[in-house]
Amino acid sequence: MEATALSSGFNPLIKRKDHRFPRSYAQRKSLSLIQFDSKERSFGLKNSKLEGSIAITRRGLSFKTNVFEQAHSVTGDCSFDEARDKTRSLVAEDKIGVLLLNLGGPETLNDVQPFLYNLFADPDIIRLPRPFQFLQGTIAKFISVVRAPKSKEGYAAIGGGSPLRKITDEQADAIRMALQAKNVAANVYVGMRYWYPFTEEAVQQIKKDKITRLVVLPLYPQYSISTTGSSIRVLQDLFRKDPYLAGVPVAIIQSWYQRRGYVNSMADLIEKELQTFSDPKEVMIFFSAHGVPVSYVENAGDPYQKQMEECIDLIMEELKARGVLNDHKLAYQSRVGPVQWLKPYTDEVLVDLGKSGVKSLLAVPVSFVSEHIETLEEIDMEYRELALESGVENWGRVPALGLTPSFITDLADSVIESLPSAEAMSNPNAVLSEDSESSDAFSYIVKMFFGSILAFVLLLSPKMFHAFRNL
């Protein structure tokens, strides 16, 4: 499934918090992110400057990313009008490109197993300790084969494949036209992380088209190291290795849940769906977000949970300003594997709400901007059935934002605002001495030897096989 097994966080032996990586590896994988400062835009929350930073670690790779302490727009130290004026001069000088990043999904049932392999082969999804990283491909193959039959059932239930590519292509066309309406000519590309068209394909087309200024727009409202972070890592690697791409100014919009256009668009859809109930005021607004393992937040500094909670606050503040005073609840779906995920869990909350007397419920897929298996099968089928069995009598679901005009317009605005801040990617620690590389060689060989023996035992154990089977 596109994200049913996302961020499984398999970590059988060593807690990442205490694990130490060889210096040479961490230096070799140093990542430089292109970010731009943000100007606050109040949505009813107290304004504050960007404060501190959170260290995000990935397999010995460490980088820092500013985390929004309160809501603000992605505009730099200038107004939208000023950003627009700067953009006009850039448009005259540069060939503009916009790269939309998304997860990807199997388009046929035959694609399911190789798609799952790509998913689990990502070191940002299954995060193995250093001694076990050479097993990434083997573990990915094992899980994908075991998991494929169950995943195929889900995709068969929604028509035999994921609609994500088609919808994302349509969003790309809509953003291109929205930019054109604002007198910004741009090529808009789609890069999927785990299926066609892969990010690598999109980057090659960007180079072929001789793009001279690029905005990277992940289609994830909130930042997570397992979604936006993983795709950015791939981009940085690709740009670092190519002399032409290394010189292209790039702006990365790392999250945009706090943007007025996004918040208003979500509020519009919720308000509209509430009117389909006989008594809108009695409806529980139920936000269901994709979960991540707790270890991502606590050990790796993933800002996803914090941003998700802020996102819900902003949406509810907007609804309250419109006179919509319904109760609401946030829960996390799609947990898999033997590790602890963010709570509360969607399935458990639905049961509790039904038993507590909630009769009308409106499900809101808050972390998804396109319809795919998590909305069409997991929410519309599995969770709906569970809610009705638990006592809920009236069920509704807010559609994903998709091609909502206000949403598309706001994404186009975010591109315009970020263009002036684009900078060339860099990697100051790319060159290492042979001594630093060889200093850890003996230690690595010893760890690999003993790690192989222990991993072999683990993979053959009945308990571990059962855990993988139920991913």
Side-chain angles (χ1 to χ4, degrees), residues 1-10 102-122 124-126 136-169 190 192-199 201 219 226-227 230 288-293 332-339 341 345-347 350 363 365 367-387 389 397 399-400 402 459 462-471:
M1 296 183 179
E2 282 137 16
T4 297
L6 185 64
S7 311
S8 57
F10 174 65
N102 213 331
L103 195 73
E107 297 177 62
T108 70
L109 296 183
N110 290 332
D111 298 335
V112 171
Q113 191 273 322
F115 165 76
L116 290 176
Y117 173 83
N118 292 338
L119 179 70
F120 290 116
D122 182 359
D124 287 316
I125 299 301
I126 292 187
Q136 192 86 44
T138 301
I139 292 174
K141 182 69 173 179
F142 178 76
I143 300 177
S144 65
V145 170
V146 173
R147 176 66 185 170
K150 184 176 180 180
S151 295
K152 286 182 179 180
E153 292 177 3
Y155 284 106
I158 63 170
S162 171
L164 195 57
R165 177 174 182 173
K166 178 178 181 295
I167 295 172
T168 308
D169 284 342
V190 172
M192 300 295 191
R193 184 65 181 88
Y194 306 116
W195 204 244
Y196 301 100
F198 289 108
T199 303
E201 298 176 69
L219 292 178
S226 59
T227 51
S230 176
S288 187
H290 201 293
V292 299
Y332 296 91
Q333 67 180 79
S334 306
R335 75 184 189 277
V336 293
V339 298
W341 286 54
Y345 299 141
T346 293
D347 53 354
L350 287 174
S367 55
F368 311 107
V369 300
S370 305
E371 302 291 356
H372 58 306
I373 197 162
E374 273 80 7
T375 60
L376 300 174
E377 195 270 338
E378 194 169 4
I379 294 179
D380 287 354
M381 299 180 186
E382 294 181 25
Y383 291 147
R384 179 179 182 276
E385 181 179 359
L386 179 62
E389 289 177 351
R397 202 262 284 179
L459 289 175
K463 184 177 180 179
M464 188 60 64
F465 181 83
H466 179 74
F468 280 132
R469 187 178 181 182
N470 288 280
L471 284 175

(request) With side-chain contact (heavy atoms from CB on, under 4.5 Å) as the test, would you mind laying out the steps for Val145 and Gln113 before giving the verdict? (result) CA-CA 6 Å; Val145 170; Gln113 191 273 322; 3.9 Å; yes
Spatial distance of atom [atom1] ([X]) from atom [atom2] ([Y]) [nearest 0.5 Å]:
| X | Y | atom1 | atom2 | value |
| --- | --- | --- | --- | --- |
| Phe368 | Leu376 | CZ | CG | 11.0 Å |
| Ser334 | His290 | OG | NE2 | 3.5 Å |
| Tyr332 | Ser367 | OH | OG | 9.0 Å |
| Leu103 | Ile373 | CG | CD1 | 11.5 Å |
| Glu377 | Tyr383 | CD | OH | 9.5 Å |
| Arg193 | Thr227 | CZ | OG1 | 11.0 Å |

Sidechain-backbone polar pair: [X] side chain, [Y] backbone, donor-acceptor under 3.5 Å:
| X | Y | value |
| --- | --- | --- |
| Thr199 | Met192 | yes |
| Ser370 | Leu164 | no |
| Glu371 | Ala400 | yes |
| Gln136 | Phe120 | yes |
| Asp111 | Pro106 | no |

Nearest non-hydrogen partners of [X] and [Y], listed with the distance:
| X | Y | result |
| --- | --- | --- |
| Ala121 | Ala140 | N-CB, 3.5 Å |
| Leu109 | Tyr155 | CD2-CB, 3.8 Å |
| Leu219 | Val369 | O-CG2, 3.5 Å |
| Ser230 | Asp122 | OG-OD2, 2.5 Å |
| Thr375 | Ile379 | O-CB, 3.5 Å |

(request) Test Met381 against Ile158 for side-chain contact (heavy atoms from CB on, under 4.5 Å), laying out the working first. (result) CA-CA 10 Å; Met381 299 180 186; Ile158 63 170; 4.3 Å; yes
(message) Distance alone, cut at 3.5 Å: any donor-acceptor contact between the side chains of Glu378 and Gln333?
(response)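 Yes, side-chain donor-acceptor contact under 3.5 Å.
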Side-chain heavy atoms of [X] within contact of [Y], under 4.5 Å:
| X | Y | value |
| --- | --- | --- |
| Val190 | Asn102 | no |
| Arg165 | Trp195 | no |
| Glu382 | Asp347 | no |

(request) Dump the intermediate steps for side-chain contact (heavy atoms from CB on, under 4.5 Å) on Ile167 and His372, then the final yes or no. (result) CA-CA 9 Å; Ile167 295 172; His372 58 306; over 6 Å; no
(message) Are Tyr117 and Phe115 an aromatic pair, judged by ring center distance below 6.0 Å?
(response)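 Phe115 vs Tyr117: aromatic centres not under 6.0 Å.
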